[in-house]
There are 2 protein chains.
Amino acid sequence: MKDIKHFLRQKSLRPTKQRVIIANYLFDGVNKHVTAETLSNELLKMKAGISLATIYNTLHDFYEKGLLKKLMINSERIYFDTNTEHHHHFYSKKDQKLIDINVDMKVSGLPKPPKNKKINKIEVLVHLDN
Amino acid sequence: MKDIKHFLRQKSLRPTKQRVIIANYLFDGVNKHVTAETLSNELLKMKAGISLATIYNTLHDFYEKGLLKKLMINSERIYFDTNTEHHHHFYSKKDQKLIDINVDMKVSGLPKPPKNKKINKIEVLVHLDN
DNA sequence: TATCAGTTTAGAACGATTCTAATGTATTGA
DNA sequence: TCAATACATTAGAATCGTTCTAAACTGATA
């Protein structure tokens with residue numbers, strides 16, 4: 001991500017100091033799964049004094065512009081994924097860690113959806129033991 | 001579920017008045033997905049004055065004894081499923097409703113799990129549009 | 001460079017859940 | 001049958017992730 005300011009402007013997001021810092025971290029080329037808390041910790045490490053409220057606001061702003069995906073992994077917190085392509089995950093409960101599955105998978109034997117409902121997308125979560 | 005008291009005792013759960021009422025509702029032969037809130041509402045309808053704390057306690061006690069499954073569907077609340085067999089779900093975000101998929105499905109093209117990790121189970125969530 | 005809409009922030013509020021500690025009740029064994 | 005006691009229930013307080021509020025700030029625009 002070369003010109004973050006330009007990138008944010010393209011998405012109708014004002015490139016404020018805080019958003020630039022967060023976008024630089026999130027979109028550095030390595031896909032990430034973050035929660036408000038883990039992101040806050042990373043930002044603290046890099047001595048960026050960004051308030052929690054702004055972190056929440058920014059994650060949601062980015063989500064609304066399609067820059068992040070929301071994951072429904074567990075009920076304790078909201079995970080955001082910088083990989084917005086359709087993909088699946090390994091999940092280690094023990095490590096509280098997600099790993100992208102970037103290969104194509106096929107699900108067979110799917111029953112018809114209920115009346116008047118259409119399938120939007122299929123998400124596979126592969127739970128790991130250890 | 002004929003003799004709920006016996007059933008609870010078998011699971012080392014004291015068959016208190018509250019647990020019997022809740023178990024009778026949950027294990028009436030029709031699989032259910034409940035949250036503390038939806039269960040509380042059902043219990044209110046049947047004029048069972050059971051405190052929220054007890055509802056939470058009971059759901060967790062039942063979960064710990066393997067009578068309920070916890071579902072990770074969204075981050076707003078915890079869903080409990082009376083169907084403890086391995087199965088999948090349709091999910092309608094709009095209706096905030098889950099529908100069991102009780103047929104066998106196969107997932108193909110799964111990559112190898114990360115080093116030293118074993119696959120525990122595979123969960124498929126089929127998102128519905130409307 | 002003044003204006004103003006959009007943004008950040010601390011701290012309050014919120015909603016789901018858990019905890020506390022006092023009261024109540026099922027079980028046990030004499 | 002009836003303590004004794006271990007386990008359950010409860011109201012309300014506490015907690016925790018998240019959202020809201022309203023005041024201060026800042027990037028864009030003219």
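Just so we're on the same page: letters track the sequence lines, and every chain starts at 1.
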Between [options], which nucleotide has the shortest distance from any of its atoms to the side chain of [X]?
| X | options | result |
| --- | --- | --- |
| A/A53 | C/dT27, C/dG11, C/dT17 | C/dG11 |
| B/T16 | C/dA16, D/dT9, C/dT7 | D/dT9 |
| B/T58 | D/dT18, C/dA10, D/dT9 | D/dT9 |
| B/I78 | C/dT17, D/dT9, C/dT9 | C/dT17 |
| A/S51 | C/dT18, D/dT10, C/dA10 | C/dA10 |

Could you tell me how far apart [X] ([atom1]) and [N] ([atom2]) are, to the nearest whole angstrom?
| X | N | atom1 | atom2 | answer |
| --- | --- | --- | --- | --- |
| B/L52 | C/dG15 | CG | C1' | 11 Å |
| A/Y56 | C/dG11 | OH | C1' | 15 Å |
| B/R77 | D/dG17 | CZ | P | 18 Å |
| A/F62 | C/dT7 | CZ | P | 11 Å |
| B/H60 | D/dT9 | NE2 | P | 15 Å |
| A/E64 | D/dT19 | CD | P | 11 Å |
| B/R9 | C/dT28 | CZ | P | 9 Å |
| B/K5 | C/dT27 | NZ | C1' | 13 Å |

Problem set entry | Residue whose closest nucleotide on DNA chain C lies nearer the 5' end, B/A36 versus A/R14 | A/R14
Exercise. Does B/K69 make a cation-pi contact with B/Y79, if we ask for NZ or CZ under 6.0 Å from the ring centre and within 45° of the axis?
Worked result: no
For this session: With A/K70 as the cation and A/Y63 as the aromatic partner, state whether NZ or CZ is under 6.0 Å from the six-membered ring centre and within 45° of the axis.
Result: yes
For this session: Report the relative orientation of the aromatic rings in A/F27 and A/F62; use parallel for angles under 30°, tilted for 30 to 60°, perpendicular for over 60°.
Result: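 Answer is tilted, since the angle falls between 30° and 60°.
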Exercise. Looking only at heavy atoms, which two atoms of B/L128 and A/P113 are closest? And how far apart?
Worked result: CD2-CB, 3.9 Å
For this session: Return the 5'-most residue of the pair A/N57, A/E37 with respect to DNA chain D, ranking by each residue's nearest nucleotide.
Result: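 First, find each residue's nearest nucleotide; the 5'-ward one identifies A/E37.
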Exercise. Are B/D61 and B/K11 close enough, and set up right, to give a salt bridge (charged side-chain N to carboxylate O under 4.0 Å, His left out), and what steps lead you there?
Worked result: CA-CA 10 Å; B/D61 294 344; B/K11 297 284 173 180; over 6 Å; no
Exercise. Between A/R19 and C/dT7, does any side-chain N or O lie under 4.0 Å from OP1 or OP2?
Worked result: yes
For this session: Please state whether the phosphate of C/dT25, meaning OP1 or OP2, lies under 4.0 angstrom from any side-chain nitrogen or oxygen of B/Q18.
Result: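 Checking C/dT25 against B/Q18, no side-chain N or O comes under 4.0 Å of OP1 or OP2.
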